[in-house]
Amino acid sequence: MPELPEVETTCRGIAPLLSGRRVTSVHVRNPHLRWPVPPALARELPGQRVSGVTRRAKFLLVESPVGHLILHLGMSGSLRVVSRDLAPEKHDHLDVVMDDGHCLRLRDPRRFGAALWTTEDPFEHPLLKYLGPEPLEDDFNAEWLHQLSRRRRVAVKSFLMNSKVVAGVGNIYASEALFLAGIHPGRPAGRISVKRYQGLVGAVREVLEGAIAAGGTTLRDFVDSSGNPGYFSQKLRVYGRQHEACEHCGSAVRSRVIGQRATYYCPRCQR
DNA sequence: AGACAGACCTGTGAGC
DNA sequence: TGCTCACAGGTCTGTC
């Protein structure tokens, strides 16, 4: 379930529980994630003290003095901090055990996620190096989108989901932001004005910040081993609501496949 | 260069 | 109850 807001929520949830802790061991039960979990992770991370946890796009970076653990939750991943003695379940592939008796546990049924290890600058890693701006930072703006989209005929929704354009806008929030901005998801990216891109930038921020705020409400349950990792009561306006009435005009929300992904929009409000 | 389709893998729910 | 099928929140890779 992880889109950017959930990854951010996860980051905020685990960061205070990991920071300052020393890693005592790493257990890889199943190394067959999107890429093989490198053996160096279990060799080199133990003994190190975690200096922080940060997010870039949908990647989480667990920082240590000698290297960075790069985590991605894929389509079905989740992270929890639990007692090291809690028995792992079927899809619990990785434990990072800490010196306070807890461990960071990665669960990922579909195994589209990743756990990698780098001793270089993590932002130079091929997975991070070519990412576009963070959607909540200032360098994500209308001028950037407008300039980058000229002469491009790809649907604006696909454009928005391209990680080189902006990092971490996933399928749900692409639909939601385009609805808020009143832009039809199939419109060619190169045929949208700066002014409309200004609206889109604001809409992307609004939906992401709203979802992060909603996610924050479950943070207190984060270490609860029975608790869900925190995906919540976020109200979606069009996603998953085909045939329902648009909240603005009452028209039936439509769904259509764009760029191989389910897309939801109001045919009247979005042009 | 840009735009697509295909790939990875498992779980879930609908329909029969 | 159990089978088959379509579909699912991501993103890299290969091909045209």
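The model shown is predicted, which means the values in this text are computed figures rather than measured ones. Each chain gets a letter, A, B and so on, in the order its sequence line appears, and its residues count up from 1.
Partner of A:Ser78 under the side chain to side chain contact (heavy atoms under 4.5 Å, CB included) criterion, chosen from A:Arg107, A:His91, A:Arg105: A:Arg107.
C:dC12 atom P lies 10 Å from atom NZ of A:Lys58, rounded to whole Å. Across the protein-nucleic acid pair, A:Asp108 atom CG and B:dG11 atom C1' stand 12 Å apart, rounded to whole Å. Per the geometry, CE belonging to A:Met161 stands 19 Å off P belonging to B:dG2, to the nearest Å. One interatomic measurement links the two molecules: NZ of A:Lys164 to P of C:dG10, which rounds to 18 Å at whole-angstrom precision. Rounded to whole Å, the distance from CZ on A:Arg261 to P on C:dA8 is 8 Å. Atoms NZ (A:Lys157) and P (C:dT11) sit 13 Å apart, rounded to a whole Å. One atom, CG of A:Leu4, and another, C1' of C:dG9, lie 12 Å apart when rounded to the nearest Å. Remark: P of C:dG10 and OH of A:Tyr173 are 10 Å apart, rounded to the nearest angstrom.
The closest donor-acceptor contact from the side chain of A:Ser149 to the backbone of A:His146 lies under 3.5 Å. In this structure a side-chain-to-backbone donor-acceptor pair under 3.5 Å is missing from A:Gln198 to A:Ala142. The backbone N or O of A:His93 lies less than 3.5 Å from no partner atom in the side chain of A:Asn30, so there is not a single donor-acceptor pair.
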For each nucleotide in nucleotides 3-10 of chain B, reading 5' to 3', give B when a protein heavy atom comes within less than 4.0 Å of its base, S when such contact involves only the sugar-phosphate, and - otherwise. S-BB-BBB
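DNA chain C lies under 4.0 Å from at least one heavy atom of each of the following residues of residues 116-135 of chain A: A:Leu127.
Every residue two or more places apart in sequence or in another chain was checked for a salt bridge (Lys or Arg N to Asp or Glu O under 4.0 Å) with A:Arg22, and none qualifies. In this structure, the side-chain contact (heavy atoms from CB on, under 4.5 Å) partners of A:Asp85, at least two apart in sequence or on a different chain, are A:Ser83.
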Pair assignment for DNA chain B - dot-bracket with | for other-strand partners, Watson-Crick or G-U under 3.5 Å: .|||||||.|||||||
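A:Asp108 and A:Ser76 are linked by a side-chain donor-acceptor pair at a separation below 3.5 angstrom, with hydrogens and angles left out of the test.
At a threshold of 4.5 Å between non-hydrogen side-chain atoms, the residues A:Met161 and A:Asn171 count as touching.
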What pairs of donor and acceptor atoms, side-chain ones from residues 257-265 of chain A against any protein atom, are under 3.5 angstrom apart with sequence neighbours left out?
unit_1	atom_1	unit_2	atom_2	d
A:Thr263	OG1	A:Lys157	NZ	2.9
A:Thr263	OG1	A:Arg256	O	3.4
A:Thr263	OG1	A:Arg261	O	3.0

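When the P atom is used for both C:dC7 and B:dA5, the distance is 15 Å, rounded to whole Å. Taking the P atom of each, C:dA6 and B:dG6 are spaced 14 Å apart, rounded to whole Å.
Classified by interplanar angle (parallel below 30°, tilted 30° to 60°, perpendicular above 60°), the ring pair A:Phe159/A:Tyr197 is tilted.
A salt bridge links A:Glu134 to A:Arg55: at least one charged side-chain nitrogen sits closer than 4.0 Å to a carboxylate oxygen.
Between A:Tyr239 and C:dG9 there is a side-chain N or O to OP1 or OP2 distance below 4.0 Å.
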